[in-house]
Structures are given as C-alpha cells and as structure tokens.
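Below is one structure, written out as structure tokens; the observations come after it.
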Amino acid sequence: MPFNRSNHSKFLNPPILHDKLRIVKIKEIKSETPTIKSFTFVDEKCTETSPGQYVMVWIPGIDEIPMSLLRELNKNLMIAVKSIGGASAALHELKKGDVLGIRGPYGHGFTSITGNIMIVGGGIGIAPLVPLTKNLANPPTKITFILGATTHEELLFLDKIRMELSKNDGRIIVATEDGSFGFKGLATDPIEQLLKKQKFDMIFTCGPEKMMKKMFQLAEQYKTPIQASLERIMRCSIGLCGSCMIGKFRVCKDGPVFSSEQLREVKNEFGTFKRDFSGIKVKI
Amino acid sequence: MPFNRSNHSKFLNPPILHDKLRIVKIKEIKSETPTIKSFTFVDEKCTETSPGQYVMVWIPGIDEIPMSLLRELNKNLMIAVKSIGGASAALHELKKGDVLGIRGPYGHGFTSITGNIMIVGGGIGIAPLVPLTKNLANPPTKITFILGATTHEELLFLDKIRMELSKNDGRIIVATEDGSFGFKGLATDPIEQLLKKQKFDMIFTCGPEKMMKKMFQLAEQYKTPIQASLERIMRCSIGLCGSCMIGKFRVCKDGPVFSSEQLREVKNEFGTFKRDFSGIKVKI
Amino acid sequence: MVGVNSTIEIAGLKLRNPVMLAAGVLGVTGFSLKRVAEAGAGAIVTKSIGIKPRDGYPNPTITETNCGLLNAMGLPNPGVEDFECELKIAKEGGVSVIASIFGASKEEFAYVGSVMEEAGADAIELNVSCPHTEVVALGQSPDLTSDVVETVKKGVDIPVFVKLTPNVTDIVLVAKSAERAGADAITCINTLRAMAVDVETGKPILANKVGGLSGPAIKPVAVRCVFEISKEVNIPVIGCGGITYWQDAVEFLLAGASAIQIGTAIAFRGLSVFKEITDGIQEYLSKKGYRNLKEIVGLSHKF
Amino acid sequence: MVGVNSTIEIAGLKLRNPVMLAAGVLGVTGFSLKRVAEAGAGAIVTKSIGIKPRDGYPNPTITETNCGLLNAMGLPNPGVEDFECELKIAKEGGVSVIASIFGASKEEFAYVGSVMEEAGADAIELNVSCPHTEVVALGQSPDLTSDVVETVKKGVDIPVFVKLTPNVTDIVLVAKSAERAGADAITCINTLRAMAVDVETGKPILANKVGGLSGPAIKPVAVRCVFEISKEVNIPVIGCGGITYWQDAVEFLLAGASAIQIGTAIAFRGLSVFKEITDGIQEYLSKKGYRNLKEIVGLSHKF
Ligand SMILES: Cc1cc2nc3c(=O)[nH]c(=O)nc-3n(C[C@H](O)[C@H](O)[C@H](O)COP(=O)(O)OP(=O)(O)OC[C@H]3O[C@@H](n4cnc5c(N)ncnc54)[C@H](O)[C@@H]3O)c2cc1C
Ligand SMILES: Cc1cc2nc3c(=O)[nH]c(=O)nc-3n(C[C@H](O)[C@H](O)[C@H](O)COP(=O)(O)OP(=O)(O)OC[C@H]3O[C@@H](n4cnc5c(N)ncnc54)[C@H](O)[C@@H]3O)c2cc1C
Ligand SMILES: Cc1cc2nc3c(=O)[nH]c(=O)nc-3n(C[C@H](O)[C@H](O)[C@H](O)COP(=O)(O)O)c2cc1C
Ligand SMILES: Cc1cc2nc3c(=O)[nH]c(=O)nc-3n(C[C@H](O)[C@H](O)[C@H](O)COP(=O)(O)O)c2cc1C
Ligand code: FES
Ligand code: FES
C-alpha cells in the first residue's frame, strides 16, 4: 500500500535558510564615543528585524562577529561597534565605501510589552536597547531608562534615547563610574530604590553580564519579570555548532534575549562562567 | 567598488525544478482497445497540464517512458498506453493499486486557436488530441476530427471525442485500414478533399510520423498552419541530454508540439529519420 | 502504531529509535547533548574530542551554500580531561552516548578513547574523516584507518564505530579494512571537502578557506556510500549526510543503514526534527505493514 | 562595456568568452551543438564519444535531487565514425569544438582522438572521469591518467584537455600527473558518484542504481577542486560543476579557472544561460574596473 502524506510534495522541498552571506557597502561611519563607532548600511533582508536581533558581520579576511542591529531611517541599518580586539578594531579601521559581509538577522529578540517599563543598559549593551525603546515608547507605556558608562563621553546613544522618550514622559537616569555625568557609580546602584517605590511590569537589560546578573537578582527579589540579552561565543549562529551554550540554551538561537524563567534554569552559569573558543569554562 | 545588482539576493536563490519523482497509485485501469489500456491516477502537480504535454512514467524497476496526459473529472489524470515493447507491456501487467513514478508535466503543448479546425489523429496518437478537443470545443470553433486506426476495435477514444464534439457541430470522420469502420484506408486519404473545399484555420495532428509528414505536406500545399506532436527518444525530458533532437530542436522541451515554421526548419529530418538510443540515425 | 517496533540494536547498543545526533553538532557541552536526548534522539554523539584543548579556526567557520552548509570549525574542543564532566551530564539524557574522538596518532586516539570509556561513554566513534584539519586525514587511507581501529580496540571494551570520509577514491575499501581491524560499526559520511569564494571581495569566505559540505546537497553521495558499504560489510552501517525529513531517513534505511544521524537539519528545522523523523519512520513502517525496523534495512539491495 | 575584454585563450584556443558547454549536454548531434554555439557559448564540448556505438543505460537515466540532478546515461553515443558528420555540423557554429572522448584502453582513446582531429575537432577532452560506467574509471588513478594523456598526445597535434573526477582521495595528484604527461588543460569536475532510492517502492531510482550528481549542490566541491588544482599546476584549469548564475562563474574564475563549463544549468535556466552569464561576467569586470578577464583568474589565491 502506498504511503501518501497529504502534504507529500510540499514536505519534501529542499529546506533552505536563504541566508547566504550578503555583501553590503558601508554608507556612513560615525564616532559615537571614543571607543565606539557606528556603521550604516542597507540590507533588504534585515529591514524586518525586531529589537534584540543581531547579524553576523564578516570583516573580509579578518573575522566574523555578532553585532546587534539598529534600524534607522530610509531602510538604513546601523551597528554600533566597540573596539575591543581583533575584529572590532579592524572594523574601526574601515572607511566609508568599504564592504562588509552580513548574514542574519538571527536570534530571538526582546518581547515587547506595555505598562511601566524599566530599561537598564551598560556600555555597548545600550545598542540593542535603542530599537527596543523606539518600539515601546508609545503612551500609555512609561519608560525609565537607566544608562551606565565608565565616563561621560562613553555614554552611548543618549541623544537617541532622549529623542525616543520625548514622545512620552519617559525618565532617564545616568550613572558613570567616574561621576563625570549623572550619578557616580554603577547603573545598578539607583535601581533598588526604584524597585522599592514602584511596581514595574518588565525590566529589559543588556550590558556586562555581572550587571545583568545583578539586575536578575533584583528582579527576582522584587518579583518583576526581566528580559536580558546575553553574549556567548558565536560561530554558526543558526543553532548548530553548540559554541554558544548557556545551560541547555543556545544563545545564538534560543536567545540572545532570555526571560526570567529561562534565566532561572541557567542561574548556575549566568553571571558565573562562560566558555572560551575551545569550550573550556572561564569565570565571568 | 562593490557590485550590487538590484535583484542580487533573489537572483542567487538556488534554482530548483521542484520536479522530483512523485509516486502515484493507479486508481483505475481500463482496456480501451485490444492493445491500449488507460490508467487513472491523481497527481497534484499535473492538474494544470495543457493538452499535448506529457509526463515521464516510471514503471519501478523496469523503465521510464513518456506518456501524454489526459485530464479527467475530479482532478483525475489518465494516460493511454499502447503495448508495444518492454515498458509499455510491463505497464499493461500492472493492477489497480500498483504504483507508478511520475515526473512532469513536460514540454510545449498545443497552442489553442478558434475558427475552423481540423484534427487528425492516428492510433495511439489520438490520446493527446482528446484534451485538445475538450479545450477547443466551444462555439464558434468548428472542429473536423479525422481518426485513423488499423481496425474498428483499435479506434481509440471515439466515444470521448463524440462527447466533446456533441457540444458544437463538430464532424467526425473515421478511417480504418481494413475498412471495418468508416472509410477504408488511411486517415490522410479523405483530407485532401476537405482541404480543397474549405479553408481551415489550423490543423492539429498526432500519430505515426509518416502520417504527420503527409499532413504537413498537405498543410503546406494548402497554406494551412499545422501543429504536430512528434516523438523522439526521451531520457531527461528537461532539455539537457540531447537524446531527443530533431534538427536543432529538443522534442522534450521545445516540443513535442511543433508549428509549421519549426517543421519547415527540420523538414529534412521530419518523417525521414530519427535517432536510436545511441544517437545513430534510423529511417522512419 | 500498534506492534511497530522501531528500536534497533547497533553493536550491542539498544537504541529506542534509529535517529541519532551526528558528531560535532550541539555536542560540546553536557547540557546541550542532554537537551538533544530529551528532544527525542535515539543516541547522541559528542563533538569530536582530542587530547588537548583546541580553539578551532577563526570565524567565519560556517557559510550557507545551495541546499547545504559549508563549515570549517577546526575541531574546537576542550580536550578530553575537561570533557569528562560534560559526558557525565550528557548521560543524564538517558540514551547511549557515543564519544566522537580524534587524534594526531593512533596512540592519541587510544588514549582519548580509554578516558572516554572510563567517563562512561557507551561507544566510541573514531573521527578519521574531518576534511579540513591537518590531524584527521587518516581516514583517507585504508591502512591508517585499520591501524587506528586496532589500537583503539585494544584499549577499550565498548564498541568502536568508525566515521568515514567520502573524500576517497574507494570508500568500500576503507570500510572493509576498518571491519577487518575490528570496527563494530561504520558511520558514513562525514562532510565533502569544499569551498566558497565571495564574488564581491574575491576572498575565500571561510577563514580556513577549505571546509566540509553538509546538508541536503550531499544526501545522494551519502546514500550511495551507505548502499555500497552495506553490501560489502557485515557490521552495521550508520547513515549520515543531509537527512532532513523522515523520507530521507527511510531512504538511508532502505539503502542499508541500520541507524541514521542528523546534523545540519537541526539548523534547517530545529530540534523537533528528531521526534518528527522518528514518528515519520514509525508511521511509514506501520502503513507499509512492517513490524520491525530491521525489515527495511537494506531492502533496496534486493532490486 | 568599453574596454572590457572577456575573451580568453586556453591552450592556444581563442574563445570569444569563457562560458563553454560541458560535455554530455546537448552534445550528441551536430545541430544541437551548433544551436548552443549560436546561443552564445564561447566553445562547445561534444558528448563523450567512444570507439563503438553505445545505447547507454535504460531509463530512468536522470532524477532530480536537492539542488541537483543525478544522472546515469551510460555514455550513449553513436561511435566515432558516425559522429564525424555531426562534428562537422557543430563547427558551423563558429566557435571551437572540443571533442570529448572515452575509451576502455589508452589505445582506444588514442584512436578516437585521432579520428576526431581529422574530423576537425579543435581540441580533445579526455573523459577519464565518468562516475558510473565501467569504462572510464581511469581518472581515479594518477598513473592510468598520465598513461592515457601521453598516448593520446602522441597521436594528435591539437590540444588535449583532461576532465577529472572529484571521486578521488587527492585530485591535485591526478592533475599534476596529467600535467606532467603533457595535458594542455584540466577540466574539473565531472559528477560526484551518488544515488537515490525511492522510499515508496524501496527501489533505486536510476536503472543503473548509481549515477553522477551535478548542479548547484556540487558547486562548493568543484570550486575547491579548481582552487586546489590551479594553485599547483601551470596549465589552465576549466571549471565545471553547478554553475548557474554569472556569480557562480565569477566565483570559479576567482578560484583559479580560466574558463568555465555549463551543464545542468541549461535544464534549470534554458539556453539563454550562456549569454546571461557572459553578460554578467562582463558587467562585473567593468563595474570592478578590470579590463581583462585574466586579471581575476585565481585572484582568491592571493588572500
Ligand atoms: C548577540 C550579540 C550581540 C552583540 N552586539 C554587539 C554590538 O552591538 N556592539 C558591539 O560592539 N559588540 C556586540 N557584541 C559583542 C561583540 O560580538 C564582541 O565584542 C566582538 O565579537 C569582539 O570581537 P573581537 O575580535 O574584536 O575581539 P577578540 O579580541 O577576538 O575577543 C575578545 C572577546 O570578544 C568576544 N568575542 C570574540 N569573538 C566572538 C564571537 N564570535 N562571538 C561572541 N563573542 C566573541 C569574546 O568574549 C572574546 O573573549 C555582541 C555579542 C553578541 C553575542
Ligand atoms: C511526447 C510523447 C508522448 C507519448 N505519448 C504516448 C501515449 O500517450 N501513449 C502511448 O502509448 N505512447 C506514447 N508515446 C510513445 C511511448 O513513449 C513509447 O511507445 C514507449 O516509450 C515505448 O516503450 P517500450 O519500452 O514499451 O518500447 P521498447 O520496446 O523499449 O521500444 C520500442 C520503441 O518505443 C520507443 N521508445 C522506447 N523508449 C522510449 C523513450 N524513452 N522515449 C521515447 N520513445 C521511446 C522507441 O521508438 C523504441 O524504438 C509518447 C512518446 C512521446 C515522445
Ligand atoms: C558544524 C558542524 C560540525 C561538525 N563537526 C564534526 C565533528 O566534530 N566530528 C565529526 O565526525 N563530524 C563533524 N561534522 C560532520 C557531521 O557529523 C556529519 O557527518 C555531516 O555534517 C553530514 O551530516 P548532515 O548533512 O546531517 O549535517 C560536523 C558538521 C557540522 C555541520
Ligand atoms: C545528463 C548529463 C550527461 C553528462 N555526460 C557527460 C559526458 O558524456 N562526458 C563528460 O565528461 N561529462 C558528462 N557529464 C558531466 C558534465 O559535463 C559536468 O561535468 C557535470 O554535470 C557538472 O557540471 P554541471 O553541474 O554544470 O552540470 C554529464 C552531465 C549530465 C548532467
Ligand atoms: S553559535 Fe552555533 S549553536 Fe549557537
Ligand atoms: S530528452 Fe534529454 S534533451 Fe530531450
């Protein structure tokens, strides 16, 4: 007896990610802070990105690294890159008109919600929070945005955030480690007070993992749901190679944004250790 | 300078024929004549076939041969197979419920036209002319259908043709070689008279190549356009292997139906020689 | 699906279903392997582990091609000592854990193999077939392959599988030589040696330039290898290469595989692919009136 | 496209463009070859022709796979005597005609080659690489390959190309050995040995069971072969395997091919593919500011 599934032929079409490397031209480069530059380009496939998603960026002949996507006007896309090592430093050397390879968008981004929202970003981690803020900043949603940086001039995208929040009565709190702007201290410092006083419907956070761990602990303590965007070593970014594991999760595909429930499942690893390129554990 | 075609990414999607072998179950088998059986099956991809198109039919473990497609009621498809050798005889041995492999539909079928139409079919060549008749048989189109067969009981699909032509004032002329029904002689015999008397807007023909060649010559003589469905050895059926050439044309893809203009281009081969499986010329 | 038995025994390992995880995929950490087991895999194979930690190649390590993926990871792995605790976590998944190992010499293979046995591996899979690293081209020679098999077999009591490369003139020769040397099963195939050059920059895309091609594109090559090898050896063959739908899995079983492994399909279809393929195989067996998976293994040979 | 020169010379043959027809495709009759020339091909290669007529295998001789085609034609051909007149018609196309030939022995190769030369072939391509017939496995051995090349070279004055199979452990070895034996160019690759089994009936689909895989699926393997060979030999390499769009052609050129051949893409995209790919290459050269095709041949090697 022949065996026919109703969707037989459809079922057997070759599966394709349609995610080959695309080459894009850098339209604009801007120094956002002394260590961070932004790069603007156009890529059809990424115009539908949601906040928190990222692309793999190939610096031809050098390396390929994950970068969060920001959507700008006129289908322009932007990445903000902190120069920290080989690839990111090489990116900083590029000129307008040079090309990059792009694949993605990848990953599970932030899940939007309305209500009383806290957003906490540290350093380069502020980047993916900008498109998130843009999405959220519609009344009646109220946003309290806490930014942290080492020093005044390293504060990323303060103007962009101000602009988004000008649309509703959002609040911005800035902390710098050297006190050159806003509070002196860590972004997490003023937060406990806020959590004590108000009920937040969601906390969104991205930044150094220690900071995010602290935020997670506070969120748990004050029974507030949180979404945090994590980082691990990314190679394939399509959930295959296993380089990016935190507990049972693939940061590249199940994340990079994780919910309170998920973070609870990996609380032994989150903020404690990550893995290096060989897979060996390293302390955070 | 980077080189971007506007349709760059679309352009590079892997090309797929989406034409893998499908397995179909034989729903019904009917003896149409002592040497011809019809086989009914369902295949989603073939429901949009146009008259004159064909499928490659795999008799599992035996051979794969081209067969013209007839569309029946309720998405049923039919092939009418004359038992002449290995594969077709094996097909005749199959039972209801047995399976066939199908790929296609392939080829360039008949181009419909309205007006005063002559259709000339000989033997098993009548098969593709049935769906054609169905398509054409709407007033004001007038059809004269000439069928030829060796003997009365080998007349294929006379009932189906009658049925189609009952819708308008079509005319049916039958010729049998032994005179057991209709005229005694070849299908081509009564035709010159017809062409002398009337102006036809198109002649459609399928049958033995000698018959079609004769029809082509008559059509040329009486300045009537003709469409003829040819046969050559088919292997790939997708225009690649070159087994099915007549002149510069691939019968599998440029044909099997050819126009007067095309037939003129291959008049040295048409009706004169074909090629065997090795590519050697054999007289027709 | 009353009465359909889709369990299978491979070299003494009892698998609840024939759909295994392929080596190198989600196989670096214990929790990752455990999750694949929980997703329904019949057995799980670890990332290929060597004697020392290896960082692998720089990115890009992967790029998509027509119906396939090209990768040159460079065998990143934490080294066998560090991997022991991962293996123990992997075992919590409740299915057989097969340790894929590689080495620069047969002695290295043997050492890593015996550590894996002690750590609890249910079997060893020798990766003598990575097409793009310097250390594991052994599988391209029948003699070197049998050397490694013999040496590893001496050191362990658990079954030893050999994973073969299609990048050889005669894969059957290598398979037979592995069988003679005592291999308990053949896994085939590893990736095809391949490459992609970016047209815009003129540069090879992978950092290592050359990599291995996997995915639907290579399925016909893998089916051919399984067919040819399973005709000539008496040990089980585990099929691998491009399996994405249950139909692909059945094709491999018909071609002669006793079990199959899934790699790239996880990227294309997610982890649910294990359960979907297992269900599809079951349904197929049941509709076709088979009662046992074994009935269809190698069925195509009789035609 | 002022000033862009996309002509190329291969072993003395001047091609108006580097986009050739691959062997075995639309190559059995003279008119068919002529039509391909008229469609814009830079040169045309005939079906592989042997000493005697061959019917080839029964159908099915072709089946579609994921991004590819699997074929086992079995080298049907009318034999060299009958083919002479076809070759003469093919030459009316106005471009170089390369006669692909095969044989069961080097003597057969040499005989067929010299008949082809007399009939007017501009070059010979030795098919030592069909993956699914008994007669032409020579290409899997460097020694047998160089034997054939030497023998054929002695008998003809026209250039001799060797078409290599990827179904070997080390294709570079075979290429070098062909070069040493006097080959004027290397064509690579022929199809990958592969197979498909129908799940419904359990039967191998192709009548010959095993066939050769072509099309987009194999492109990364072909690019790798071109890259590796062109690094090691000093004769031109002609790339073949899965080329479908102009981007694919450019990829092969960058990888080291001096010209390319098109087979399967004709089924996917029609005969207009020759002109489209030629135009695409030209446009690419022009936009990138190159003036000569040669400037991009092997460009990826420098990275
Ligand atoms: C989802 C995600 C989004 C990110 N978004 C941004 C962003 O918008 N802007 C930004 O500046 N940075 C972002 N990063 C971090 C950025 O990818 C790393 O800073 C960058 O990879 C460093 O590369 P390098 O070669 O310059 O550093 P190296 O000197 O090579 O390495 C320094 C450290 O960078 C990290 N790193 C290196 N390669 C990778 C890799 N392939 N995957 C993950 N981490 C790696 C490792 O922690 C490593 O130890 C993001 C990371 C992730 C995971
Ligand atoms: C476009 C087209 C539509 C056709 N439609 C019908 C149809 O509706 N009904 C029908 O009965 N017949 C049809 N035929 C003819 C039919 O394909 C052949 O009769 C059949 O292939 C014979 O196969 P065999 O194995 O029985 O014969 P064999 O004994 O193997 O060969 C006898 C002769 O059949 C022809 N033949 C065999 N194999 C092929 C092949 N692969 N391609 C083309 N011809 C072949 C050759 O002329 C051969 O000499 C059609 C042919 C073509 C080209
Ligand atoms: C990202 C990736 C990493 C791999 N790593 C290994 C490995 O470490 N050891 C190994 O034997 N095979 C490795 N392979 C090969 C796979 O196990 C498998 O043989 C191959 O991918 C073909 O199967 P697939 O098409 O289902 O992926 C890897 C494949 C991929 C895609
Ligand atoms: C139908 C078909 C027939 C072929 N016949 C031959 C042949 O006779 N001789 C030969 O050297 N190669 C032959 N080939 C191989 C092609 O020339 C080419 O090497 C291969 O198909 C890869 O290129 P493609 O992907 O562009 O098709 C054939 C390929 C196909 C698809
Ligand atoms: S980066 Fe490969 S699985 Fe996440
Ligand atoms: S049958 Fe192959 S080209 Fe027509």
Side-chain angles (χ1 to χ4, degrees), chain B residues 1-5 8 11-25 56-66 86-87 98-101 103 233-250 253-254 265-266 268-269 275-281, chain D residues 24-29 31-35 38 47 52-56 58-67 69 71 73 76-79 82-83 86 196 198-205 207 215-217 244-245 247-248 263-271 280 283-284 287-289:
Chain B
M1 207 203 74
F3 178 55
N4 282 309
R5 257 183 124 105
H8 192 83
F11 204 60
L12 282 177
N13 284 346
I16 302 160
L17 291 171
H18 285 307
D19 187 28
K20 293 192 193 168
L21 187 75
R22 283 104 53 202
I23 297 292
V24 300
K25 192 161 119 180
M56 289 301 284
V57 178
W58 181 43
I59 307 105
I62 309 279
D63 200 346
E64 189 189 42
I65 53 176
D98 285 344
V99 297
L100 296 171
R103 57 189 181 95
I233 299 292
M234 304 232 166
R235 286 191 174 101
C236 73
S237 296
I238 52 177
L240 194 62
C241 72
S243 304
C244 64
M245 304 304 296
I246 180 163
K248 69 175 198 182
F249 298 118
R250 298 163 295 183
K253 185 149 181 138
D254 304 315
E265 287 194 66
V266 297
N268 296 336
E269 294 194 26
R275 289 172 190 270
D276 69 9
F277 287 92
S278 75
I280 288 182
K281 294 173 189 171
Chain D
V25 168
L26 294 180
V28 193
T29 74
F31 285 117
S32 152
L33 286 159
K34 189 178 161 198
R35 179 168 171 197
E38 283 162 3
K47 175 75 193 168
K52 280 181 317 202
R54 259 178 84 100
D55 276 353
N59 276 347
T61 44
I62 202 149
T63 188
E64 194 182 343
T65 65
N66 297 306
C67 295
L69 286 183
N71 91 79
M73 296 288 157
N77 80 93
D82 244 77
F83 194 73
E86 308 294 342
D198 171 55
V199 166
E200 206 47 61
T201 59
K203 296 192 167 108
I205 297 177
T244 312
Y245 299 113
Q247 288 92 335
D248 302 323
T264 304
I266 295 174
F268 289 116
R269 300 193 55 227
L271 282 167
E283 212 180 316
Y284 174 88
K287 295 228 173 160
K288 288 282 192 185

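The basis for the numbers below is simple: all heavy atoms, side chains too, and nothing from hydrogens, waters or symmetry mates. Naming convention: chains lettered A, B, ... in sequence-line order (proteins, then strands); numbering from 1 in each chain.
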Closest approach of B/M245 to D/S32 (non-hydrogen atoms, all atoms of both residues):
CE-CB, 3.3 Å
In terms of heavy-atom pairs under 4.5 Å with chain D, which of B/D276, B/I233, B/I65, B/I280 leads?
B/I280
Which atoms of D/K34 are under 4.5 Å from chain B, going by heavy atoms: the side chain, the backbone, both sets, or neither?
neither
Closest approach of B/P60 and D/T201, non-hydrogen atoms and distance?
CG-CG2, 3.9 Å
Indicate the atoms forming the closest heavy-atom contact of B/C241 with D/M73, along with that distance.
CB-CE, 3.7 Å
Least distance between heavy atoms, B/C236 atom then D/I62 atom:
CA-CG2, 3.4 Å
Heavy-atom pair count under 4.5 Å with chain D, highest-scoring of B/M234, B/R235, B/M56:
B/R235
Quick one: NZ on B/K253 to CG on D/L26, what's the gap to the nearest 0.5 Å?
10.5 Å
Under 4.5 Å, counting heavy-atom pairs only, tell me which of D/L33, D/T264, D/V25 racks up the most with chain B.
D/V25
Using non-hydrogen atoms and a 4.5 Å limit, figure out which bit of D/I205 sits close to chain B: side chain, backbone, both or neither.
both
Applying a strict 4.5 Å limit to non-hydrogen atoms, the region of B/D254 in contact with chain D is side chain
Greatest number of non-hydrogen atom pairs under 4.5 angstrom with chain B, of D/T29, D/N59, D/V199, falls to D/N59
Identify the heavy atoms of B/L240 and D/A267 that sit nearest to each other, and give their distance.
CD1-N, 3.9 Å
Quick one: what part of B/E265 sits under 4.5 Å from any heavy atom of chain D, side chain, backbone, both or neither?
neither
May I ask you to name which of D/I266, D/L271, D/D55, D/N77 has the most heavy-atom pairs under 4.5 Å with chain B?
D/D55
Atom group of D/E86 that falls short of 4.5 Å from chain B, counting heavy atoms:
side chain
Can you tell me which portion of B/R275 sits under 4.5 Å from chain D's heavy atoms? Options are side chain, backbone, both or neither.
side chain
Kindly indicate whether the side chain of D/N66, heavy atoms from C-beta on, has any atom under 4.5 Å from the side chain of B/K20.
yes
What one should report as the nearest heavy-atom pair of B/W58 and D/P204 is CZ2-O, 3.8 Å
Please look at B/I62 and chain D and tell me whether the side chain, the backbone, both or neither of the residue comes under 4.5 angstrom of a heavy atom of that chain.
backbone
Output for pair (B/I246 CD1, D/F31 CZ), nearest 0.5 Å, gives 11.0 Å
Give, for atom CD1 of B/I23 and atom CG of D/D198, the distance between the pair rounded to the nearest 0.5 Å.
3.5 Å
